[in-house]
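Okay, structure first, notes after.
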Amino acid sequence: MALQEAGSPGPSSLGLCLLLALFYMSPEGISGHSFSLPSGCLTGPLRVSCQGLGLHTFPAALPWTTEQLDLSHNHLQVLQDNATEDRPNLCYLDLLGNQIEELSLRALLPLRWLQALILADNSLDQDYVSNSQALWPLDHLRLLDLSANRLDSDMASLYVANLSSLWSLDLSNNLITHLSHGTFIGSPNLLNIDLSDNYILQIQTGAFEGLLQLRELSLARNSLHCISDFSLRALWQLNLSTNALQFFATEEGNGGYQLQVLDLSHNQLRAMPMLSALRHLQYLNLSDNQLASLEPHAPPLPQGTGPWYQEVNRPNLTQSGYSPGASLPELTDLDLSRNQLDIFPIGFLNHLSSLQRLSIAWNCLQNMSAHQFSPGLSFLPLRSLDLQGNWIQTFPSWVFEILPRLEVLDLGDNELQLCWRPEAGQDGPFQGVQQPFSSAFHLKGLSLSKNGLRRLCLTGFSPASLLSLDLSGNTGLALAPSDLQGLQHSLHELSLRGNGMESTHLWLPCLQQLQALDLSGNKLVNLPWALNCSSYLCSLDLRKNLLQTLDTEVLGGLGGHLRSMWIAGNPFHCCTLGWLAALARANVSVPDLEEAWCVYPASEGGSWAPLAGDHSHLCTWWQWQGTQAGWVLLAVTSLFLICCGVAALLQNSAKLPGALEPGKGWVCPKPEPEDNQQTIGRESLGRPSMERRDPDQK
Ligand SMILES: *[C@@H]1O[C@H](CO)[C@@H](O)[C@H](O)[C@H]1NC(C)=O
Ligand SMILES: *[C@@H]1O[C@H](CO)[C@@H](O)[C@H](O)[C@H]1NC(C)=O
Ligand SMILES: *[C@@H]1O[C@H](CO)[C@@H](O)[C@H](O)[C@H]1NC(C)=O
Ligand SMILES: *[C@@H]1O[C@H](CO)[C@@H](O)[C@H](O)[C@H]1NC(C)=O
Ligand SMILES: *[C@@H]1O[C@H](CO)[C@@H](O)[C@H](O)[C@H]1NC(C)=O
Ligand SMILES: *[C@@H]1O[C@H](CO)[C@@H](O)[C@H](O)[C@H]1NC(C)=O
């Protein structure tokens, strides 16, 4: 089959037509047109929209300039012969969501310049023989949408039997069960066909015959079991997602395939499909199949004669020395998630010399020990590797040696053990696993979430690279002083969400570049003091902790970049909300302020109240009680000073001036509350619930 390099009819004029839709529109009444359009229609210079107005008939008297008419979601049922009038400019007609069941033979004749006709969600399964003929005069039609019309196979083929100008056809969401030979032969210029969401079980050989320009085909969400001789060589994109495929093979032979995108996700493939002829493949999605290995014939062949068994043994498909990876030199994206792989398919990957993004998430990977590494492996240009949802216990550093450009690594939801365990011995599985990230020189994003980590033991982060670190969902994690060393000048994002960490277990170094910090779902009673050096922090999540107040001194150190802060789910103290005022002054938005609550001191009944409410009334008495103690202390001190002064005067009346200098020679207890109030704007008597920083955080 020769490849046709036709000057492919780019959809430029159609694009122009659609672009014009973006023009300004105004209510018809206001703009004062003399046309008698139904009231409620919006008109623009080139576009009229009468969407959802309950119309039963095609509007008469369209403005001459109208290029686009939107009649979607009305009650049109029949288009009579004289329903439309000659409108050579009309190129786009949207009839989606009406109840159209009858198109008279000449109803669309005046619209013969139409380029796009949307008939989705109507009842075109009625009278389909005559309805299909009503489309024939549209010999400039490029785009036809017949989705959701309850069309079966015969109806669908009749509708497209004679539309030779068509480029784009949407037959999705119908009742098509099979495609017979030559179905599309009357529409030889089709560039893309959407057949998704049907019940297609069978595609006869030659169903797409004659479609030399076909670039995109979607057969997603059908019931196909087997594609044994895929032969659409000009195709760029094929979507076979969500079928029942057990087998997929390309036809060997002369002439290359142009296929670039192949979606085989959500099928029942048990063996790696035969893709050796698809040398231009860039995107391959094999997610959600039953692959246990990527070797061509590795899984044991079932006894019996299922279709899969027969196909695998067809002589022209079985090649000796066939390596599925070697034949995909342009593959950049490979999704193998949700299969049953139990070893990291290093041999397969080793041939994929262009691979950029790989997912083996949600498989059964377990053993990534050093034994798999052999010196013959070449470098892979992989940038992103998703290994979440496996059973990986050890992550050996040789991975970074063959993936030197790796930037994003997701190891979430595994069973990682990052601390070397002497009892495992020198040759045990934990050998060579110390500092697994020490050679990850380009790693920018790392997720270690949900691994049951209690300690990190990560001393080997390479400096100045990691931007984002996810340590969430590791219940009971404790961060030691050395854990994040080396990341002080690089880390932009850190998540410690849902770890149940206590303040004493959260030791952060001075993370100078930090921009987003998620501390929600812990047991923190105060802000980590080290935050005062994160002067670029702009997003801080403190939800669901045990915070009673926020240290304005730490907040003050945040340098004015803080934009958003989430606080709900903390037992804040209603009478010490000076920090909230400080946040408001600094223009920090608190998106969940309405959901936040605070508690009154026990002396006031210990009741809860919405944080955002006015607490001045109930807090005044409590504050006065508190200040009373201060006044008493001040009074006693003053009395004492006066007594001492009088005594000194009596002893040595000659030194009178000097003796009256205040403070000299006396150490007065520093009245901390008042002092703090002046320097950081805390409300008077913020003390009782204030937690000072932990000794080990100083
Ligand atoms: C296709 O449509 C044209 C009118 O546009 C008509 O003359 C011709 O007979 C139709 N062909 C078939 C095979 O029905
Ligand atoms: C394939 O079709 C499915 C279902 O319509 C869709 O979700 C998916 O994004 C498509 N795949 C590609 C690669 O476009
Ligand atoms: C592969 O397909 C699955 C299921 O349709 C989808 O969730 C996933 O995002 C796809 N992968 C890529 C890389 O597009
Ligand atoms: C991991 O696999 C290697 C061989 O691939 C084997 O020698 C080793 O015992 C395995 N380790 C574990 C912990 O299963
Ligand atoms: C942060 O607080 C510590 C402890 O008081 C202090 O030594 C340090 O200078 C502060 N850093 C900044 C940038 O404010
Ligand atoms: C807060 O925003 C207001 C107006 O949006 C602005 O006038 C004021 O300068 C801002 N204050 C700070 C501290 O950024």
Side-chain angles (χ1 to χ4, degrees), residues 103 105-114 117 120 128-141 144 147-148 157-166 170-174 182-189 192-200 210 215-224 227 235-245 248 259-269 273 278 281-291 331-339 352 354-363 382-389 408 410:
L103 300 169
L105 214 52
R106 299 164 62 81
L108 298 171
L109 189 61
L111 304 179
R112 62 185 175 280
W113 299 97
L114 207 59
L117 178 57
Y128 63 95
V129 178
S130 57
N131 286 345
S132 63
Q133 290 175 12
L135 300 179
W136 289 357
L138 301 175
D139 52 9
H140 290 85
L141 198 64
L144 177 60
S147 58
S157 33
L158 210 57
Y159 271 107
V160 298
N162 195 6
L163 297 172
S164 57
S165 57
L166 214 57
D170 192 342
L171 283 170
S172 63
N173 211 345
N174 279 297
T183 300
F184 301 100
I185 208 132
S187 314
N189 290 310
N192 69 64
I193 306 178
D194 189 346
L195 285 162
S196 60
D197 282 293
N198 277 285
Y199 299 88
I200 302 174
R215 296 291 183 258
E216 286 178 34
L217 175 60
S218 176
L219 287 162
R221 299 170 184 273
N222 278 284
S223 311
L224 294 166
I227 304 272
L235 209 61
W236 289 350
Q237 281 199 33
L238 175 59
N239 194 337
L240 286 165
S241 166
T242 320
N243 276 276
L245 289 179
F248 177 92
L259 202 65
Q260 296 170 4
V261 174
L262 177 56
D263 192 340
L264 289 169
S265 62
H266 215 303
N267 276 289
Q268 291 161 22
L269 297 170
L278 304 180
L281 205 60
Q282 295 172 8
Y283 170 99
L284 175 58
N285 197 334
L286 289 166
S287 166
D288 205 351
N289 277 282
Q290 295 162 19
L291 301 175
L331 197 67
T332 55
D333 290 88
L334 176 58
D335 192 336
L336 291 167
S337 59
R338 296 180 195 279
N339 277 284
L352 300 175
S354 305
L355 199 63
Q356 304 265 316
R357 286 163 290 272
L358 170 65
S359 171
I360 317 183
W362 310 104
N363 276 270
L382 211 60
R383 289 179 188 277
S384 133
L385 176 58
D386 187 350
L387 292 174
Q388 67 176 309
V408 180
D410 193 337

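First listed ligand is number 1; within each ligand, the first listed atom is number 1. Quick caveat: nothing in here was measured; it's all calculated off a predicted structure.
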Checklist outcome for this item: From the list L163, L138, L114, side-chain contact (heavy atoms from CB on, under 4.5 Å) with L144 holds only for L163

Checklist entry - Pick one: which of I227, L269, D335 meets side-chain contact (heavy atoms from CB on, under 4.5 Å) with L264? => result L269

Item to check | For atom 12 (C) of ligand 3, closest protein heavy-atom neighbour | outcome: Y283 OH, 3.2 Å

Checklist outcome for this item: among protein heavy atoms, the one nearest atom 3 (C) of ligand 3 is N285 ND2, 3.6 Å

Checklist entry - Is there a donor-acceptor pair under 3.5 Å between the side chain of N289 and the backbone N or O of Q268? => result yes

Item to check | side-chain contact (heavy atoms from CB on, under 4.5 Å) involving S172 - partner list, sequence neighbours excluded | outcome: S147, D170, D194, S196

Checklist outcome for this item: Counting from 1 in the order shown, the ligand 2 atoms closer than 4.0 Å to a non-hydrogen atom of R221 are 4 (C)

Item to check | Protein heavy atom at shortest distance from atom 4 (C) of ligand 1 | outcome: W136 CB, 4.3 Å

Next on the checklist: Please list the nearest protein heavy atom to atom 5 (O) of ligand 3 with its residue and the distance rounded to 0.1 Å.
Outcome noted: S265 OG, 3.2 Å

Checklist entry - Right, does atom 9 (O) of ligand 1 have protein non-hydrogen atoms nearer than 4.0 Å? => result no

Item to check | side chain to side chain donor-acceptor pair (under 3.5 Å) partner of S241, the single match among S265, S287, S218 | outcome: S265

Checklist entry - So, the side chain of N267 versus the backbone of N243: is there a donor-acceptor pair under 3.5 Å, distance only? => result yes

Next on the checklist: Please check: side-chain N/O of D410 versus main-chain N/O of L387, any donor-acceptor pairing under 3.5 Å?
Outcome noted: no

Next on the checklist: When you measure from the side chain of S354 to the backbone of T332, do you find a donor-acceptor pair of N or O atoms at a distance under 3.5 Å?
Outcome noted: no

Item to check | Protein contact of atom 13 (C) of ligand 3 - nearest heavy atom, named by residue and atom, plus distance | outcome: D335 OD2, 3.7 Å

Item to check | Heteroatom proximity flag, N239 to ligand 2, N/O under 3.5 Å | outcome: yes

Checklist outcome for this item: min-distance protein heavy atom vs atom 2 (O) of ligand 1 -> N162 ND2, 2.3 Å

Item to check | Interfacing atoms of ligand 2 (cut-off 4.0 Å, heavy-atom, D263) | outcome: 1 (C), 8 (C), 10 (C), 11 (N), 12 (C), 13 (C)

Checklist entry - Side chain or backbone of S196 under 4.0 Å from ligand 2, or both, or neither, by non-hydrogen atoms? => result neither

